[in-house]
2 protein chains.
Amino acid sequence: MANIREIAKRAGVSVSTVSRVLNGYPYVKEEKRRAVWDVIHQLNYKKNINAVHLSKGRTNIIGVMLPTINHPYFSMIVEGISEEALRYGYHLLFFQTNYDIHKEQEALEMLRVKQIDGLIICSHTIRLETIASYTNDGPIVLCEDTSEPHLFSVYIDHYHAFALGMDYLIKKGHCKIGYCLSRPTSINSQKRKAAYKDALQSIHAPIRPDWMFHHCLHMSDGKRIASTILSLEEKPTALLVASDQVAAGIVLWGKTYGLHVPNDLAIVSFDNHPISEALHITTIELPLSLIGKKAFQMIYDYFTNDKTQPTKEKLPVRLIERASV
Amino acid sequence: MANIREIAKRAGVSVSTVSRVLNGYPYVKEEKRRAVWDVIHQLNYKKNINAVHLSKGRTNIIGVMLPTINHPYFSMIVEGISEEALRYGYHLLFFQTNYDIHKEQEALEMLRVKQIDGLIICSHTIRLETIASYTNDGPIVLCEDTSEPHLFSVYIDHYHAFALGMDYLIKKGHCKIGYCLSRPTSINSQKRKAAYKDALQSIHAPIRPDWMFHHCLHMSDGKRIASTILSLEEKPTALLVASDQVAAGIVLWGKTYGLHVPNDLAIVSFDNHPISEALHITTIELPLSLIGKKAFQMIYDYFTNDKTQPTKEKLPVRLIERASV
DNA sequence: GTGAAAGCGCTAACAG
DNA sequence: CTGTTAGCGCTTTCAC
């Protein structure tokens, strides 16, 4: 395998001249430049990127930490990241953690060993302080609202988004409202819960734990919820569902079981994935692809424009009225 | 940032001893081993992985080439790859190509520049010969049936799978059968088309181009198909749909437009994603996660067990009867 | 058991 | 404009 020394020798120049040609730097006589290119093409030479990485101390690879790639919520964020990354010549390394703390830690370690230049955390279980302890090793962007001063953050105001959904349901006459969330301990869920409780309190409605469903992420969870609700003696009349996938599961399996949306149960969902449109589900659109884009940009600006001071950015949502309420 | 020399100096040993300790090699006196570990912990030292990569000429990173990550078909394959990769300490680098030939070529180039040790191609537009020309740079696994001798291949027998669906529809009394495929030029589509035509010929049914729909990949394509079929003067009575997502789009939008499955239109779909179960769609299950696993294993065996001779493996499917026929 | 030293292939500071 | 050279940090062979 040819290397830069070989090229230099054959072209009758020094390695640094070859390096200049390779990297498009100025100050190389046209004649030599051509000679170098000739040899390069002749030998079908390519740089060894690992040598570049070692020498530069950078890889142009960004890590992406997520529980699973096989879910529209995350794959839409990833699509946003990916789009921007490609534009700027960065690559993406994925860490599918399944919320396993050890795997999450491994992803963070990749920052330390310089496998990646920066890390985007779509969702996590590991403690915030642990994450923050890696900030010396590179920029870390969190896709949630955090006050941790060392972390970049791009997020949706989930309190506001949930409040928006609650208001809508209340205005439509509902007061027996339940919810479906994913992991109850996540920051996003905490904010949503707060909005939920505040809204119920404002109309003096009681908080019913049996109407609060957790660990809802997939369509199959919607199946579970539909049958659970049917078995309830006192049922909620409306549900705020934190994921279109889950909402779709409730609508479809509800139909199979005899629980009809919106007559038996009104639903306001989140995400605005294609499935919500196909099922005419009223949903609150989350700018997931945009989150990905912004997250990448923060890392890009860190390196390219020296914006090393962690920033936080909040993204807007909008309610799309359809036929599930 | 501490390096191996620093550790050696502080522990009073040579760098090679440190390297032996770091990599768990034998023949190091227990006393020195401990001394080295002490310094390592004290300095919170970690290897620079790029130096390892350069030195070893390997990265333990496998590339994954796919058009988009935001589709269940691909994210299920990826999940399979990812699961195996994690088990063996490999990382994954994603190349989202959107079927752009230049991006596909870039992914292949990553093999040449030694960014990745091997490449798994989930789907591609670029010519097979072009792909094959990179086999000297590392193992390449294709997720389709190919006779190209230099490529590994793990695939579903799409001819057989489509024939299975056709037989089923024919046995159920259908002879006016159409299909939905994604890119008509792909090898997978070619096989499916062949099975389709052979089945129609076997019952002496004419081949109707207006019942053959292409570029169907997402739920929104199902919407398009549903409305197109409604506008047809002579309609097919059944459809073989190469993706659950598209089938779901047809069922759901069909309902909205007044085209009812299975009464107006029978559907046999492919994949067996959760949505097909929720919609009671008869589908042919494809072992997508298994494809990913096998693909990774081939690359792993290449390096670990010296299985450098390209192999091909065919994976089975099964039909799941539900209520869409 | 242990260490010296020669790479791995490229970058970039510096001298000219 | 151009070349020399000292890294980047780790692995691995070989001699002792």
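Every chain is numbered from 1, with letters handed out A, B, ... down the list of sequences.
When each of D/dC1, C/dT2, D/dC10 is scored by its nearest atom to the side-chain atoms of A/Lys29, the top-ranked nucleotide is D/dC1. Comparing D/dT4, D/dT11, C/dG3 by their closest approach to the side chain of A/Val15 singles out D/dT4. Closest to the side chain of B/Lys56, out of D/dT2, C/dT2, D/dT12, is D/dT12. Nearest nucleotide to the A/Ala51 side chain, out of D/dT13, C/dT11, C/dG9: C/dG9. The side chain of B/Ser55 lies closest to D/dT11 when the candidates are D/dC1, D/dT11, C/dT2.
No engagement by B/Val18 is indicated, since no non-hydrogen atom pair under 4.0 Å with the nucleic acid exists. Among the heavy atoms of the strands, none lies under 4.0 Å from A/Asn50. B/Ser19 comes within contact range of at least one nucleobase, with a heavy-atom separation under 4.0 Å.
Residue A/Ile40 contributes atom CD1, which lies 13 Å from atom C1' of C/dC10 at whole-angstrom precision. In this structure, the CZ atom of A/Arg20 is 16 Å from the P atom of C/dC10, given to the nearest Å. Counting to the nearest Å, the P atom of D/dT11 and the CG atom of B/Leu22 are 6 Å from each other. Rounded to whole Å, the distance from OH on B/Tyr27 to P on D/dT12 is 17 Å. Rounded to whole Å, the distance from CZ on B/Arg58 to C1' on D/dC10 is 16 Å. Rounding to whole angstrom units, CG of residue B/Asn23 and C1' of D/dT12 are separated by 11 Å. In this structure, the NZ atom of B/Lys9 is 16 Å from the C1' atom of C/dG3, given to the nearest Å. Rounded to a whole Å, the CZ atom of B/Arg5 is 16 Å from the P atom of C/dG3.
Of the two residues contacting DNA chain D, namely A/Leu54 and A/Glu30, the nearest-nucleotide position lying further toward the 5' end is that of A/Glu30. The nearest heavy atom of DNA chain D to A/Val13 and to B/Tyr25 marks one nucleotide each, and the one closer to the 5' end goes with A/Val13. Comparing B/Ser14 and A/Lys47 by the nucleotide of DNA chain C whose heavy atom lies nearest to each, the residue mapping closer to the 5' end is B/Ser14.
Side chain A/Ser16 to base D/dG3: a donor-acceptor pair is found below 3.5 Å. Put simply, the side chain of B/Arg33 and the base of C/dG1 share no donor and acceptor less than 3.5 Å apart.
Other residues, nucleotides and ligands place more than 12 heavy atoms under 6.0 Å from the NZ atom of B/Lys293.
Applying the 4.0 Å criterion to OP1 and OP2 of C/dG3, one finds that B/Lys32 has a side-chain N or O inside that range.
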Exercise. Yes or no on side-chain contact (heavy atoms from CB on, under 4.5 Å) for A/Ile116 and A/Ile62, after CA distance, side-chain angles and deciding distance?
Worked result: CA-CA 5 Å; A/Ile116 55 180; A/Ile62 303 300; over 6 Å; no
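Taking a cutoff of 4.0 Å between a charged side-chain nitrogen and a carboxylate oxygen, B/Glu31 and B/Lys29 do not qualify as a salt bridge. In summary, B/Arg87 and B/Glu84 engage in a salt bridge, as defined by a charged side-chain N under 4.0 Å from a carboxylate O. Taking the charged nitrogens against the carboxylate oxygens, A/Asp145 and A/Lys191 do have a contact shorter than 4.0 Å, which makes a salt bridge.
Counting only residues at least two apart or on different chains, the ring pair (Phe, Tyr, Trp, His ring centres under 6.0 Å) pairs with a member in residues 59-79 of chain B are B/His71-B/His218.
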